[in-house]
Every structure is written in structure tokens, then in C-alpha cells.
Amino acid sequence: MDAKVTGPTAVELFWTVPQPDDAGAQTADLFDWQAAMATAEWLSLYETALDSDDLLAADNTCRIVRERHEDWAVVVGDDGELVSAKHRDAPGRR
């Protein structure tokens, strides 16, 4: 390497040059929100499936099914609810 070359290092450029597009982080944020909503629903369903000893009831038929027809479905016995966890993006965001 030429000792006379000066300027920022590759690592300095990595940390200082802004990304032209951060779509990956935006997609991850949307997924995190969706996962949090599914988890909240699952925890509520789990709580209702506990017996008087706070154990999962032997006759439990509760299920959360992900990514089948919608984002998730809540299935309890023969009843089911499809859930689409979409939300409106912030103004100006695509």
C-alpha cells in the first residue's frame, strides 16, 4: 500500500457515509411490530387456556397459526379468526 495516500479509511467511510436506502430497517420495524402484536394475542390466548392450577389445560384446543391465509389465525376448537396485522405507514413514508 502506498504510504503517501491519505484520506479516510474504509472503516471511517463505513461509519460516516449515510446509506442511500434503509428499506431493510423499515421492513424490520414493520415485522417487529407485527411480531409484537402476534405475541400479545398469543399471551392472552395462553392465559385463557390455563386451568385453575395455572397449567395448560389438558383439553386445550387453542392455536395460533402464522402466515396461512393471513398474518396469523387464532384457532380455538372449531372457531377461527383470521388476523391481518397491517397498519398505516407514517405520512410521507413508503
Side-chain angles (χ1 to χ4, degrees):
M1 190 163 163
D2 187 353
K4 296 179 185 178
V5 175
T6 60
T9 67
V11 172
E12 289 171 333
L13 289 172
F14 172 78
W15 288 115
T16 59
V17 174
Q19 296 185 121
D21 181 336
D22 197 15
Q26 292 172 357
T27 300
D29 287 346
L30 295 174
F31 177 77
D32 285 347
W33 179 86
Q34 188 181 75
M37 296 303 98
T39 300
E41 185 141 26
W42 176 82
L43 287 171
S44 175
L45 186 63
Y46 177 75
E47 182 181 28
T48 63
L50 296 177
D51 63 17
S52 60
D53 295 322
D54 287 336
L55 300 172
L56 194 58
D59 61 349
N60 169 50
T61 61
C62 301
R63 304 282 182 269
I64 297 281
V65 181
R66 291 183 49 235
E67 301 299 334
R68 183 163 177 90
H69 301 298
E70 282 296 343
D71 295 320
W72 68 85
V74 178
V75 180
V76 180
D78 291 332
D79 295 327
E81 176 187 3
L82 297 176
V83 180
S84 178
K86 306 297 183 242
H87 66 285
R88 186 182 315 184
D89 287 337
R93 183 172 161 188
R94 291 184 168 192

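The chain is numbered in sequence order, starting from 1.
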Practice prompt. Starting at CE of M37, measure out to CG of D71 and round the result to the nearest 0.5 Å.
Written response: 12.5 Å
Worksheet entry | Hphob cluster co-occupancy, V65 + L56, side-chain heavy atoms under 4.5 angstrom | no
Worksheet item: Same cluster or not: are I64 and W33 linked, directly or through other Ile, Leu, Val, Met, Phe, Trp or Tyr residues, by side-chain heavy atoms under 4.5 angstrom apart?
Response: yes
Worksheet entry | Side chain proximity check, Q34 to R66, heavy atoms < 4.5 angstrom | no
Discussion item. Could you report the tightest heavy-atom contact between E70 and L82, atom names first, then the distance?
Written reply: CG-CB, 3.9 Å
Worksheet entry | Smallest separation among heavy atoms of E12 and G7, with atom names | OE1-O, 4.3 Å
Fill in: W72 and E67: side chain donor to acceptor below 3.5 Å
no
Counting only pairs under 3.5 Å, give me each side-chain donor-acceptor contact of residues 42-51, with atom names and distances, residues two or more places apart or in other chains.
residue	atom	partner	partner atom	Å
T48	OG1	L45	O	2.8
D51	OD1	D53	N	2.9
D51	OD1	D54	N	3.2
D51	OD1	L55	N	2.9

